[in-house]
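One structure is given below, encoded as structure tokens.
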Amino acid sequence: MPELPEVEVTRLGLLPLLNGLVYDVKIRNHSLRWPINPDLKKILYRQELVSLKRRGKYLLAYFSEGCLIIHLGMSGKISIVNKKKETIKHDHVDILFKVGEENKILRYNDTRRFGAVIWTDKDPLCHKLLNSLGPEPLKDEFNANYLYEKLKLKKQFIKSTIMDSNVVVGVGNIYASESLFLAGIKPQRQSKKIKKREVVELVKSIKVVIKNAIEKGGSTLNDFYSVNGQSGYFQNDHKVYGRESLGCMNCNEKIYQIKISQRSSFYCKKCQI
DNA sequence: ACGGCCTCCTGACGGC
DNA sequence: TGCCGTCAGGAGGCCG
């Protein structure tokens, strides 16, 4: 599920845990992408959750003495539950908080276990997983001049480049196809051959696509508490992703599906040059 | 340094 | 019904 918008929606959903004190940690399965620190319970005990930030698709839970870096991988979900809620398959981690008079549990579920829960007592932005990340797509540092300079050096396909988190964070497989469609650029164009005026469109498109998705996700934020963190933005709204052999929403020509670096990519041969 | 490929893992789905 | 291949929203790591 999680592309950047989903992670941002998750972050917002966790805000009610702020200022909570950890009184227990339960780890049912340590083997995520990297093994969870076996001392995590000892480490987090009595620490306060001070702030919740996001960098790309990484969720940063700052505690009094360090930071928990959480990545949702392909199938990770976080929800807030209470003690009565029974665990289901793949509920790997619970962090139990006392927030004011209430007990609240942060529950991490991840079917495929490509996600990560990493403790660091240093600045998480200096962690090797985060220290070379590119700009956030919605910030001004991500602009046409910046991207054009990056693309100038790149031989790879444009779709691969915009999905490279060292170029810009948060553009996943869906939004890469969607942004390129909106910008009128074929996913298999060589990056260095994209004209400046096309880069201007591409940057605009990425910002629009990401912003829309966050808004959609935000509109289902109420579900966060009641169900299990899943939000509803994901379903429709895709102009090309998953629409192979259907009619293009602009011109009605058929949408093609190709593989680029093993990932499905969708585009319209007529609308994208 | 770069880019392309493989990999981790579970589950859903389609074809035979 | 079952078995097998393929595919899935990520991204680090390895190799040429």
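Letters A, B, ... are given to chains in the order of the sequence lines, protein chains preceding strands, and every chain is numbered from 1. Values below: all heavy atoms of this structure, side chains included; hydrogens, waters and symmetry mates excluded.
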> So what is the 5' to 3' dot-bracket string for DNA chain C, if pairs are Watson-Crick or G-U wobble with both distances under 3.5 Å, crossing pairs use [ ] and | means the partner sits on another strand?
Replying inline: .|||||||.|||||||

>> So if I define the base as every atom that isn't primed, P, OP1 or OP2, how would nucleotides 8-14 of chain B read as a B/S/- string at a heavy-atom cutoff under 4.0 Å?
In response: BBBS---

>> As an exercise, state the distance from CD1 of Ile95(A) to CZ of Phe97(A), rounded to the nearest 0.5 Å.
In response: 5.5 Å

> Please, which pairs that meet side-chain hydrogen bond (donor to acceptor under 3.5 Å, both in side chains) have at least one residue in residues 113-129 of chain A, sequence neighbours excluded?
Replying inline: Ser31(A)-Arg113(A)

> Do any side-chain nitrogens or oxygens of Lys57(A) fall under 4.0 Å of OP1 or OP2 in dG12(C)?
Replying inline: no

With the criterion being N/O to N/O and under 3.5 Å, what pairs connect the protein with nucleotides 3-6 of chain B, and how long is each?
| unit_1 | atom_1 | unit_2 | atom_2 | d |
| --- | --- | --- | --- | --- |
| dG3(B) | OP1 | Lys155(A) | N | 2.9 |

> Can you name the side chain to side chain contact (heavy atoms under 4.5 Å, CB included) partners of Lys239(A), sequence neighbours left out?
Replying inline: Glu178(A), Phe181(A), Met249(A)

>> For the P atoms, the ones on dG3(B) and on dG9(C), what distance do you get once it is rounded to whole angstrom?
In response: 22 Å

> Under 4.0 Å between a Lys/Arg side-chain N and an Asp/Glu carboxylate O for Lys77(A) and Glu6(A)?
Replying inline: no

> Taking CG from Leu32(A) and C1' from dG10(C), how many angstroms apart are they, rounded to a whole number?
Replying inline: 14 Å

>> Restricting to non-hydrogen atoms, name the atom on Met74(A) and the atom on Phe114(A) that form the minimum distance, rounded to 0.1 Å.
In response: CG-CD1, 3.6 Å

> Tell me: CE of Met163(A) to C1' of dA8(C), nearest whole Å?
Replying inline: 12 Å

>> I'd like to check the side chain to side chain donor-acceptor pair (under 3.5 Å) partners of Arg46(A); sequence neighbours left out, ordered by chain and number.
In response: none

> For dG10(C), does either OP1 or OP2 sit under 4.0 Å from a side-chain N or O belonging to Tyr175(A)?
Replying inline: no

>> Within the supplied structure, the quantity of interest is the number of heavy atoms (other residues, nucleotides, ligands) at a distance under 6.0 Å from Lys196(A) NZ; does it exceed 12?
In response: yes

> Can you check the Met74(A) CE to dA11(C) C1' distance for me, whole Å?
Replying inline: 9 Å

>> Using whole Å, what does the distance between atom C1' of nucleotide dG10(C) and atom CG of Leu130(A) come to?
In response: 14 Å

> Pairs in or reaching into residues 248-261 of chain A: which pass side-chain hydrogen bond (donor to acceptor under 3.5 Å, both in side chains), with residues at least two apart or in two chains?
Replying inline: Ser160(A)-Ser261(A), Gln257(A)-Ser264(A)

>> Give me each pair satisfying side-chain hydrogen bond (donor to acceptor under 3.5 Å, both in side chains) with a member in residues 88-99 of chain A, each pair once, sequence neighbours excluded.
In response: Arg28(A)-Asp94(A), Asp91(A)-Asn109(A), Asp94(A)-Arg107(A)

>> Determine whether a donor-acceptor pair (N or O, by modelled atom type, separation under 3.5 Å) exists between the side chain of Gln47(A) and the backbone of Glu65(A).
In response: yes

> Regarding Ser64(A) and Glu48(A), is there a side-chain donor-to-acceptor distance under 3.5 Å anywhere?
Replying inline: no

>> Going by salt bridge (charged side-chain N to carboxylate O under 4.0 Å, His left out), name the residues that satisfy it together with Asp140(A), two or more places apart in sequence or in a different chain.
In response: none

Could you list all N or O pairs between the protein and nucleotides 14-16 of chain C that sit under 3.5 Å apart?
none

>> I want to confirm an ordering. Mapping Gln257(A) and Leu129(A) to their closest nucleotides on DNA chain C, which one lands closer to the 5' end?
In response: Gln257(A)

> Taking only residues two or more places apart in sequence or in another chain, which ones pass salt bridge (charged side-chain N to carboxylate O under 4.0 Å, His left out) with Glu8(A)?
Replying inline: Arg11(A), Arg54(A)

> Taking only side-chain nitrogens and oxygens of Ser75(A), does any of them come within less than 4.0 Å of OP1 or OP2 of dA8(C)?
Replying inline: no

> Using the P atom in both, what is the distance from dC9(B) to dC14(C), to the nearest Å?
Replying inline: 16 Å

>> For dA11(C) and His71(A) - does any side-chain N or O of the residue sit under 4.0 Å from the phosphate oxygens OP1/OP2?
In response: yes

>> Lys41(A): which residues meet the salt bridge (charged side-chain N to carboxylate O under 4.0 Å, His left out) condition with it, sequence neighbours left out?
In response: Asp24(A)

